[in-house]
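Predicted model only: the values in this text are computed from it and were never measured.
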Amino acid sequence: MKRQQFTALLYGWIIVLGLILLASFILALLLRFSTFNEPALTWVTLVIGLISLFIGGMVAGAKSKAKGWIIGALTGIGFTLFTFLVQYLGYQVSFDLEQTIHHAAYILVALFGGIIGVNITGEQVEN
């Protein structure tokens, strides 16, 4: 993997993790100081995850300027791997079917974001 693509991948991961952490902080404040209930939290976190992965894939694709679908997919796969490792090694719990479906959607959305990111920059790099 070229240095530019690896740098783009790191940018994508940092953006995703930053957005997820920011959203988690805001949701924690909402849960603490409002009447926001936990059943709605499942759908809200899913949407926040999808938006975060799309933006992260788009940033990674824009930074790499080539092969956006690969960079976007690797952004999603890296996030899924990080989540799995934290959950499995930290809590000894594996993914269930619902989480597997959510993370498959995360990878697809990040892939799509990578494609969009490459195409919105307008400039192409020769390989």
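- Through direct or relayed side-chain contacts under 4.5 Å between Ile, Leu, Val, Met, Phe, Trp and Tyr, Leu29 connects to Phe25, Phe33.
- Listed by chain and number, the residues in a side chain to side chain contact (heavy atoms under 4.5 Å, CB included) with Val44 are Leu27, Phe36, Ile48 (sequence neighbours excluded).
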Report, one line per pair, each donor and acceptor closer than 3.5 Å where one atom sits in a side chain of residues 72-86; sequence neighbours left out.
residue: Thr75; atom: OG1; partner: Ile71; partner atom: O; Å: 2.8
residue: Thr80; atom: OG1; partner: Gly76; partner atom: O; Å: 3.0
residue: Thr80; atom: OG1; partner: His103; partner atom: ND1; Å: 3.2
residue: Thr83; atom: OG1; partner: Phe79; partner atom: O; Å: 2.9

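- The side chain to side chain contact (heavy atoms under 4.5 Å, CB included) check on Leu19 picks up Ile15, Ser52, Ile55, with sequence neighbours excluded.
- Within the 4.5 Å cutoff, the side chain of Trp13 has no heavy atoms near those of the Val16 side chain.
- Through direct or indirect side-chain contacts shorter than 4.5 Å among Ile, Leu, Val, Met, Phe, Trp and Tyr, Leu21 is connected to no other residue.
- Under the 4.5 Å side-chain criterion, counting only non-hydrogen atoms from C-beta, Lys63 is not in contact with Thr7.
- Taking both residues in full, the closest heavy atoms of Ala66 and Gln5 are given as O-NE2, 4.3 Å, listed atom of the first, atom of the second, then distance.
- Listed here is the closest heavy atom pair of Ala60 and Gly12: CB-CA, 4.0 Å.
- Residues satisfying the side chain to side chain contact (heavy atoms under 4.5 Å, CB included) test with Ser24, not counting sequence neighbours, are Ile20.
- Of all non-hydrogen atoms in Tyr11 and Val59, the two that sit nearest each other are CB-CG1, 4.3 Å.
- Taking both residues in full, the closest heavy atoms of Ser64 and Val118 are given as OG-CG2, 4.2 Å, listed atom of the first, atom of the second, then distance.
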